[in-house]
Every structure is written in C-alpha cells, then in structure tokens.
Amino acid sequence: MPTELMFREDPYLAVTSARVVAVTDRGIELDRTIFYPQGGGQQGDAGSIVRASGERIPIADTRKGDAFDSVLHISAQPPSTSMLEPGEVVSLELDWNRRYALMRLHTALHVMSCVVVAPVTGGNIAPDKARLDFDIDMSALDAERIARETNALIARGVATETVWITDAELDARPELVKTMSVQPPRGGGRVRLLKIPGIDLQPCGGTHVKNIGEIGGIRVLKIRSEGKRNRRVEIALA
Ligand SMILES: [Zn+2]
C-alpha cells in the first residue's frame, strides 16, 4: 500500500506520528512518513521510530518498496527483534542535521548544473559531499570558476517552487531532462519539477531548501575524469 509522503508537502517536517502497517525482513512500512527513500541520487534518511513506551528503534536507511510510493524504513537492528505491531501508533524522528545537509547539497547541485552546462551522466548526494558527472571536456571545467559562479547564483537568495506536470507535458519538453542517468520520477501520471525561478527548472523527486540562500555557499572538492563521458565535479558546503 502506498505510504503518504509527507516530505513532498513539507521537507522541513522533522517529527511526526504514523501508524505501523507492516514489519517484514525488508523493513518497516508506515501509513505515512517524513523519511525520504533513497532515489534520484539522494541518500535515504536516517533517524528513529519511537514507541509509546519510549523504546527507540534506530532507522539506518530508507528505501523504496516494490509498490508505487511504498517506503521501507530499515532498522539498524533486524526488525524481527522489534516488538512493533501493525496498527501501532509511533513517533517518527528524522536525523535532521543529516537531512538538512542533504537538502542544501541537493539544491546546490541544481544550481551548479546551470553553471556547468552539459549533459549530466550521473550524480550522488551524501550528507558530507555531493557530485555530478558531466559529458564534457575536462578543459571546460575550472573549479575556481564553478565555485564562484555557483556561489553568485546562491547569493541571489531566490525561493524554490514545486511544479507538477503530466507525463505527456514532460515528453513534449525533453529539454527539461538534463540528467541522462536518472529518469524523472514517473509512475503516477505526473512528474514533479523543482523550479528555481530565473535559474533552473528540472524534474526532481528529492527534498530541497525553501530558499537557495539556505545553501550558504559551496566549495569544489575535486574535479576528475571517471571516463570519457563522466567528468566528475564534487562539492561540499562552504
Ligand atoms: Zn534533484
């Protein structure tokens, strides 16, 4: 059964309650969640599920389940050892510092993708660093310029927006898809876009900051070749 994805409406929600739907070897399913499941290059969330008794179940990772919009909360301990019962109401607590770093870095990659204008062949967002791979000549990548121009855009401090379009509208505008390796998050007949007015518009199911000013700034950690079509630019928060 689909899980209500509360991070879509409010990515700043760090605590909420939910009802246990199922506990299996693969993970804990809830009727709703603030935990983002790994996808679109962004790592899955960590945190805790807290029972009414106060017992804490550490969640080490979050993944998508097989069904559309289903989410598996993966306990640091095997779920069979927990006493969670279907129907039980629990509290969810996100590791907020970790998630907020992921949000700032994810939005930073969207901004950077407007400074390095080339097809994106890969990407990853971890709490301490993030990267995009581009199909571009190494000679076109200058760390100092990328950092300076990305930070200049971040300093504009524009508010981000979520826009939904239909699959058909996306098909009619293929130029929106910069990322060749990560397919837009389809499946429900509509696709979510992140709009950074005046800077960027692209399909993305990830969690983002409300205003790009929250990124603060970035630094380029390294630029290296990972193959002919993969020139990797790795960044961290400044
Ligand atoms: Zn994204």
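This structure is a prediction, so every number in the text was calculated from the model and none was measured. We count ligands from 1, going down the list as the structure has it; atoms in each ligand are counted the same way.
- Apart from Phe7 itself, the hydrophobic cluster it occupies contains Leu5, Tyr36, Val71, where clustering links Ile, Leu, Val, Met, Phe, Trp and Tyr at side-chain heavy-atom distances under 4.5 Å.
- At a cut-off of 2.8 Å, measuring from the Zn ion (ligand 1), the protein N, O or S atoms that fall short of it are His106 NE2, His110 NE2, Cys204 SG, waters left aside.
- In this structure, Arg56 pairs ionically with Glu93, as a charged nitrogen and a carboxylate oxygen lie closer than 4.0 Å.
- In this structure, the side chain of Arg104 engages the main chain of Ile215 through a donor-acceptor pair within 3.5 Å.
- A salt bridge links Asp66 to Arg26: at least one charged side-chain nitrogen sits closer than 4.0 Å to a carboxylate oxygen.
- Put simply, the side chain of Glu149 does not reach to within 4.5 Å of the side chain of Met112, judged on heavy atoms.
- A donor-acceptor distance shorter than 3.5 angstrom exists from the side chain of Gln42 to the backbone of Thr207, with no hydrogens or angles considered.
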